[in-house]
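Keep in mind the model is a prediction, meaning the values are calculated, not measured. Order of the sequence lines sets the chain letters (A, B, ...), proteins ahead of strands, with each chain counted from 1.
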Amino acid sequence: MTVRVRFAPSPTGYLHIGGARTALYNYLYAKATGGTFVLRIEDTDLERSKAEYEALQIDDLKWMGIIHDEGPDRPNPKYGPYRQSERLDIYMKYAQELIEKGMAFYDFCTDEELEAMRAKAEADNLDPHYSGKWREPQHWEEAKARVAAGEKTAIRFKVPKKSYELNDKVKGKVVYPDNMVGDFVIMRSNGLPTYNYCCVIDDWLMDITHVIRGEDHLNNTVRQLMIYEALNAKIPEFAHVSLLIGHDRQKLSKRHGATSVNLYRNEHYLPEAMCNYLCLLGWSHPEERDIFAKEDIVNLFSLERFSASSAMYDLEKLKWVNSEHIKKMDNASLITLVEKEPETEFFRKQTPEWKNACVELLKRYAQFVPDFPKLVNELILNDDPEMTDPLKEILSWETTPKILSFISEEVNKFSSEFVTETELNGWMDHVKKEMGVKGKPLFQGVRAALTGHDHGPDLKFLIPLTPINVLKNRIAHLNK
RNA sequence: GCUCCCAUCGUCUAGCCCGGUCUAGGACAUCGCCUUUUCACGGCGGUAACAGGGGUUCGAAUCCCCUUGGGAGUACCA
């Protein structure tokens, strides 16, 4: 039996971090087992669903490298269509069958009646379940007549009075008591199916073998189990992955800040880093590695290593993962990415050797790709140093003005575009031997004179990357 | 309210299923030290956890029960 998994988002907004994680797990499981990853669009909520969000979500998924094998844009004739809004006749057909079998019934109760029912049950200390007359077979002929006459109505599933059991891959054995749910609506009076119903129809018809989804669906599963049973359909394996929570330990939502993948994408986080971090939130690498690419784990991804408890989404660690991926990346790819950033004209004009040395040096200091242009600007191009207190202090030492004037002379002699490391060493030697400056005053003094900073990367790497004109202007500013 | 799920450092987790090797390991963050100045680098090290209570057992982070805490679901949302 080949594995078929699915990710089934609702196009009601941008792709959420939690959704992306679920999608990733499904994708990984498909890849690990040589199975098929299906994308299905659950757009039965007319009010909230918008067509444009479907494209947006697919695009974000694609950005993360989570590519589906089947979906609206890659249909398999055996299983489509992949949008629930295009499968309405299918849902109605099976709902009719359930009615014929006496497992579902038309319900004409109004909202008010339903509300009264609930209130009464509550007052009588009973479960707040449906208790309308329409569940009784003696009213079904009347019901059919009213429907035949064109009356719009909901269809409810007649819930069997029995308990259900699920062997969840993450949660283990879950027992649902027999009074957990009442007769629930499967088809709304507007002709659209409800989630717990169409989800089962689709998973069944699409031959889904493993349902990997969020824990928020764990309670729903009992309804779905009932439908599978009524349909006499094979029940897939379920894996209910724990939820992502925010710093207040509440389910992650908009009020926790950046929760859509798109935001991270716009800030140029690396997609590999997003996948890496999200994967680790609730799943652990068998060798406890924490930095890896999707390709590294497709052979060892399994449903066995999920954590049963919810995981707090932590931006700090994500940032760290991102910086690790930057360090791991080869220079050529990094250069390509940097050059796509705005305000990198200077960078782009440099020689391949310069670029290589530049990213090699800076990747130790950058957490994000956009940090590169920032660092180039701060460390290499800025010729008007900010007079910070530490800098003023260094400038006030008695040796510093001497160093500054020596360096100034040397730099002004230059006509080539860059100073070499050897030349820099020569200056250091001169200051040391001829001027008798050593230790802290030497290093700090030269650093201040050349960079206008009291700290930063190793001078022997930084200075050869700095254009001579910048050095000249910087020193001129410092001399004032 | 009712039902279901969860419970190891501040955070993510390993270990739990198949009790002893756990004076509980790793990572992020944090702190300290080191590196011929500095660090937004690197190295080394520190602080820090089995929620509480009962069992079972020679022995429990690991198995059982209760309590507490947290989460989710209880819609003609998904």
Whole angstrom is fine here: how far is it from CG in A:Asn196 over to C1' in B:U74? 12 Å
Paired with B:U37: which nucleotide, if any, by Watson-Crick or G-U wobble criteria at under 3.5 Å for both distances? none
With both distances under 3.5 Å as the test, what is the Watson-Crick or G-U wobble partner of B:A72? B:U3
Is it true that A:Asp107 and A:Arg156 make a salt bridge, defined as a side-chain N closer than 4.0 Å to a carboxylate O? yes
For A:Asp111, check salt bridge (charged side-chain N to carboxylate O under 4.0 Å, His left out) against everything at least two apart and list the hits. none
Can you find a donor-acceptor pair, distance only, under 3.5 Å between A:Glu324 side chain and B:A27 base? no
Between A:Glu215 and A:Lys171, is there a salt bridge with N-O shorter than 4.0 Å? yes
I want to check one thing: is the phosphate of B:A78, taken as OP1 and OP2, less than 4.0 Å away from some side-chain N or O of A:Thr44? yes
Tell me whether A:Lys93 is salt-bridged to A:Asp89, with the criterion being a basic N under 4.0 Å from an acidic carboxylate O. no
Would you say B:C16 has OP1 or OP2 under 4.0 Å from some side-chain N or O of A:Arg305? no
Of all the choices, B:C41, B:U3, B:C28, which nucleotide is nearest to the side chain of A:Trp320 once you look at every atom? B:C28
Looking only at B:U37, B:G1, B:U3, the nucleotide nearest the A:Asp458 side chain is B:U37
For the side chain of A:Ser309, counting heavy atoms from C-beta on, which of B:C6, B:A72, B:C2 is nearest? B:C6
Which nucleotide in B:U8, B:A29, B:C4 has an atom nearest any side-chain atom of A:Glu316: B:A29
Contacts of A:Val174 and A:Ala366 projected onto RNA chain B by closest heavy atom; the upstream (5') one is A:Val174
Can you tell which of B:A78, B:A75, B:C6 lies closest to the side chain of A:Arg118? B:A75
Among the candidates B:C5, B:A78, B:A72, find the nucleotide nearest to the side-chain atoms of A:Leu218. B:C5
Between the base of B:A40 and the side chain of A:Asp371, is one N or O donor paired with an acceptor at under 3.5 angstrom? no
Rounded interatomic separation in angstrom, taking CG from A:Asn190 and C1' from B:A78: 14 Å
Would you say A:Ser284 places a side-chain N or O within less than 4.0 Å of OP1 or OP2 belonging to B:A14? yes
Can you find a donor-acceptor N/O pair under 3.5 angstrom joining the side chain of A:Asn219 to the base of B:A72? yes
A:His455 has a side chain; which of B:C39, B:C77, B:U37 sits nearest to it? B:C39
Taking only side-chain nitrogens and oxygens of A:Arg447, does any of them come within less than 4.0 Å of OP1 or OP2 of B:C39? no
Re B:C77: Watson-Crick or G-U wobble partner, both distances kept under 3.5 Å, found to be none
Closer than 4.0 Å, any side-chain N/O of A:Arg156 to the OP1 or OP2 of B:C76? yes
Which donor-acceptor pairs under 3.5 Å do the side chains of residues 368-378 of chain A make with protein atoms, sequence neighbours left out?
residue  : atom : partner  : partner atom : Å
A:Asp371 : OD2  : A:Gln367 : N            : 2.9
A:Asp371 : OD2  : A:Phe368 : N            : 3.1

Rounded to whole Å, the CE-P distance (A:Met312 to B:A7) equals 15 Å
What I want to find out is whether A:Lys328 reaches A:Glu272 closely enough, with some N-O distance under 4.0 Å, to be called a salt bridge. no
Nucleotide forming a Watson-Crick or wobble pair with B:A60, both distances under 3.5 Å: none
Pair of N/O donor and acceptor under 3.5 Å linking B:C76 base with A:Thr194 side chain: no
Which whole-number value in Å describes the distance from A:Leu315 CG to B:A29 P? 12 Å
Heavy atoms only, 4.0 Å cut-off, all strands: where does A:Asn125 land among base, sugar-phosphate and nothing? nothing
Per A:Leu375 side chain, nearest of listed nucleotides B:C41, B:C2, B:A40: B:A40
For A:Cys109, answer base if it contacts any base atom (sugar-phosphate contacts may also be present), sugar-phosphate if it contacts only those atoms, and nothing otherwise; contact means non-hydrogen atoms under 4.0 Å. base
Could you check how far NE2 of A:His240 sits from P of B:C6, rounded to whole Å? 13 Å
Nearest-Å distance, CZ (A:Phe184) to P (B:G73)? 17 Å
When you measure from the side chain of A:Ala154, which nucleotide among B:C76, B:U37, B:C41 comes out closest? B:C76
Side-chain N or O of A:Arg188 less than 4.0 angstrom from OP1 or OP2 on B:A78? yes
Grab the CG-P distance between A:Asn382 and B:A40 for me, whole Å please. 18 Å
Is there a donor and acceptor pair, one atom on the side chain of A:Lys317 and one on the base of B:A27, closer than 3.5 Å? yes
Quick one: are the ring centres of A:Tyr25 and A:Phe37 less than 6.0 Å apart? no
A:Glu229/A:Lys162 salt bridge by N-O under 4.0 Å criterion: yes
Heavy-atom nearest nucleotide on RNA chain B for A:Glu288 versus A:Val175: which residue maps closer to 5'? A:Val175
So, do A:Phe443 and B:U37 meet the stacking rule of ring centres under 5.5 Å and planes under 30°? yes
Looking at B:U11, I'd like to know if its phosphate oxygens (OP1 or OP2) sit under 4.0 Å from a side-chain N or O belonging to A:Arg249. yes
A:Asp216 side chain: which of B:G73, B:U38, B:C41 is closest? B:G73
Length of the line joining A:Tyr195:OH and B:G73:C1', which is rounded to integer Å: 12 Å
Pair assignment for B:U30, Watson-Crick or G-U wobble, requiring both distances under 3.5 Å: B:G46
